[in-house]
Amino acid sequence: MKMRGMYSGRMVLALGLLAASLSVQAEPLRVVSSFSILNDMVKEIGGDKVMASTIVPANGDAHSFEPRPSDAKTLAKAQLLVVNGLEFESWLPRLQQAAGYKGPQVVATEGITPLAFEGGADDHADHDHDHDHDHEPAHDHAQDHEHAPEKDRSGHEHSHQHGSQDPHAWQSLDLAQIYVRNISKGLEQADPANAQYYQGRAKDYAQRIQELDDSIKTRLQAVPVDKRKVITSHDAFSYMGKAYNIRFIPLVGVSSQAEPSARDIAQIIQQARSEQIQAIFVENTVSAKLVEQVARETGAKVGGTLYSDALGVPGSGVDTYLGMMRSNTDQLIKALQP
């Protein structure tokens with residue numbers, strides 16, 4: 001009897017240790033993304049194997065974002081950090097230092113040849129996008145670059161600290177495929193036991209991205225190319241413009257925090273009138289005040305909200321990357337269709 005009791009006790013202990021071991025193994029990978037669009041991609045690829053969180057929340061402006069102590073605590077617990085790169089997250093080095101984070105990092109734009117702003121300035125907004133941008137390779141994302149005021153092809157002056165390359169590459173569904181591959185690779189390396197799981201979900205997600213890309217190209221055939229001209233709040237849509245032959249005329253440069261001069265605004269109003277631009281769009285992360293002013297002056301209709309640097313809140317229909325791209329297309333076609 002005594003031996004049987006000891007044997008039974010050992011079995012209970014062994015089963016308990018096994019259960020504890022399985023519990024530890026089953027804990028999801030803690031992944032922190034710099035902003036909401038990347039966070040959604042991580043969720044799509046990582047599924048229930050990851051615990052995904054974002055630093056810049058839905059409807060948050062990554063250009064003006066200031067990290068909070070709670071963000072440092074979140075990052076300190078991360079097992080993987082996913083960032084856009086191309087100097088989009090200028091606040092990130094300070095946050096990493098505050099959090100003491102030295103773990104693995106995925107740069108989602110790695111391998112992408114970015115669109116470059118003529119003259120190399122951050123808010124060197126190309127107000128006459130013909131999509132014949134020069135390309136140049138990525139460089140050290142940790143460096144800070146200071147630029148004196150410069151003029152674009154329309155003579156608009158901008159002065160702001162940022163990189164010389166457009167970081168909004170996610171606005172191209174074709175380039176989003178590179179994001180997917182980079183994120184999947186990062187998850188596989190951080191969690192090799194679930195590599196096949198991540199690969200399978202990445203393949204499915206890539207297919208859905210391709211299907212949406214094909215659908216948008218088909219739908220835009222209803223809009224004549226010479227009518228595909230709109231004004232937007234800031235220069236966040238060059239990649240989408242290049243992909244679908246749409247001419248986006250931004251009120252300010254790549255940073256939504258830039259302030260256009262009275263001369264800038266007057267030139268855009270004149271351009272909108274002379275080219276009979278029919279629609280002007282607000283963005284979810286930018287004040288609508290300037291857009292409304294230009295709309296009044298030009299007679300262009302405010303075409304709705306475009307989502308540029310952040311997703312919408314849960315349940316909004318634009319709370320996923322694919323939902324965002326679909327909504328932006330809907331808004332554009334609705335405003336531009338003859």
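Since we're looking at a predicted model, the values are computed, not measured.
- Side chains of K227 and R247 form no contact here, defined as non-hydrogen atoms less than 4.5 Å apart.
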Under the criterion side chain to side chain contact (heavy atoms under 4.5 Å, CB included), I'd like the reasoning laid out for L29 against K49: C-alpha separation, chi angles, the key distance, then a yes or no.
CA-CA 6 Å; L29 186 72; K49 305 298 183 186; over 6 Å; no
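- Applying the side-chain contact (heavy atoms from CB on, under 4.5 Å) test between E283 and each of N328, D309, T232 identifies T232 as the sole match.
- Note on R181 versus E110: no salt bridge recorded, every NZ/NE/NH1/NH2 to OD/OE distance being 4.0 Å or above.
- Under a hydrophobic-cluster definition in which Ile, Leu, Val, Met, Phe, Trp and Tyr are linked whenever side-chain heavy atoms come within less than 4.5 Å, directly or via other members, M51 and L187 are assigned to different clusters.
- Between R68 and D71, at least one side-chain N (NZ, or NE/NH1/NH2) sits under 4.0 Å from a carboxylate O, which counts as a salt bridge.
- Side-chain atoms of T109 and I178, non-hydrogen and from C-beta on, never get closer than 4.5 Å to each other.
- No side-chain N or O of D174 forms a donor-acceptor pair with one of Y239 less than 3.5 Å apart.
- Looking at Q207 and E211, their side chains do bring a donor and an acceptor atom within 3.5 Å of each other.
- Counted by atom type alone, D166 and H168 present one or more donor-acceptor pairs between their side chains at under 3.5 Å.
- Proximity of a side-chain donor or acceptor of S274 to a complementary backbone N or O of Q270 within less than 3.5 Å is detected.
- Counting heavy atoms from C-beta outward, T305 and F281 have side chains that stay 4.5 Å or more apart.
- Using a 4.5 Å heavy-atom threshold, the side chains of L173 and I216 count as touching.
- Inter-residue side-chain proximity for F248 and L332 is flagged as met; some heavy-atom pair is nearer than 4.5 Å.
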Evaluate the side-chain hydrogen bond (donor to acceptor under 3.5 Å, both in side chains) criterion for residues N59 and Y307: first the C-alpha distance (whole Å), next the side-chain angles of each, then the deciding distance (0.1 Å), finally the verdict.
CA-CA 9 Å; N59 285 329; Y307 287 75; 5.0 Å; no
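- Smallest separation of non-hydrogen atoms from L81 and L75: CD1-CD1, 3.8 Å.
- Not a single donor-acceptor pair under 3.5 Å links the side chain of W91 to the backbone N or O of H63.
- Scanning all heavy atoms of the two residues, the minimum distance from A236 to S308 falls at CB-CB, 3.7 Å.
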Derivation and outcome, side chain to side chain contact (heavy atoms under 4.5 Å, CB included), residues D61 and S64
CA-CA 6 Å; D61 186 354; S64 62; 3.5 Å; yes
Which pairs would a plain distance check flag for residues 32-39, meaning a side-chain donor or acceptor within less than 3.5 Å of a matching protein atom at least two apart in sequence or in another chain?
residue	atom	partner	partner atom	Å
S34	OG	E89	OE2	2.7
S36	OG	L311	N	2.9
N39	OD1	S53	N	3.3

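- Defined by atom type and a distance below 3.5 Å, a donor-acceptor pair is present between the side-chain atoms of Q105 and Q96.
- A 4.5 Å side-chain heavy-atom check between L220 and I246 finds at least one atom pair inside the cut-off.
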Please assess I277 against I249 for the test side chain to side chain contact (heavy atoms under 4.5 Å, CB included), listing each intermediate value before the final yes or no.
CA-CA 10 Å; I277 295 171; I249 301 168; 3.1 Å; yes
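- Between the side chains of Y197 and D191, no donor-acceptor pair of N or O atoms lies under 3.5 Å.
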Apply side chain to side chain contact (heavy atoms under 4.5 Å, CB included) to D319 and V313, showing your working.
CA-CA 6 Å; D319 51 353; V313 297; over 6 Å; no
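- Of the possible polar contacts, one joining the T329 side chain to the M325 backbone as a donor-acceptor pair under 3.5 Å is found.
- Remark: side-chain polar atoms of R30 are paired, donor with acceptor, to backbone N or O of K77 under 3.5 angstrom.
- If you check the side chains of Q199 and E188, you find a donor sitting under 3.5 Å from an acceptor.
- Counting only heavy atoms from C-beta outward, the side chains of Y205 and M41 approach each other to under 4.5 Å.
- Judged by distance alone, the side chains of D213 and Y244 do bring a donor and an acceptor atom under 3.5 Å apart.
- Taking the charged nitrogens against the carboxylate oxygens, R326 and D330 have no contact shorter than 4.0 Å, which rules out a salt bridge.
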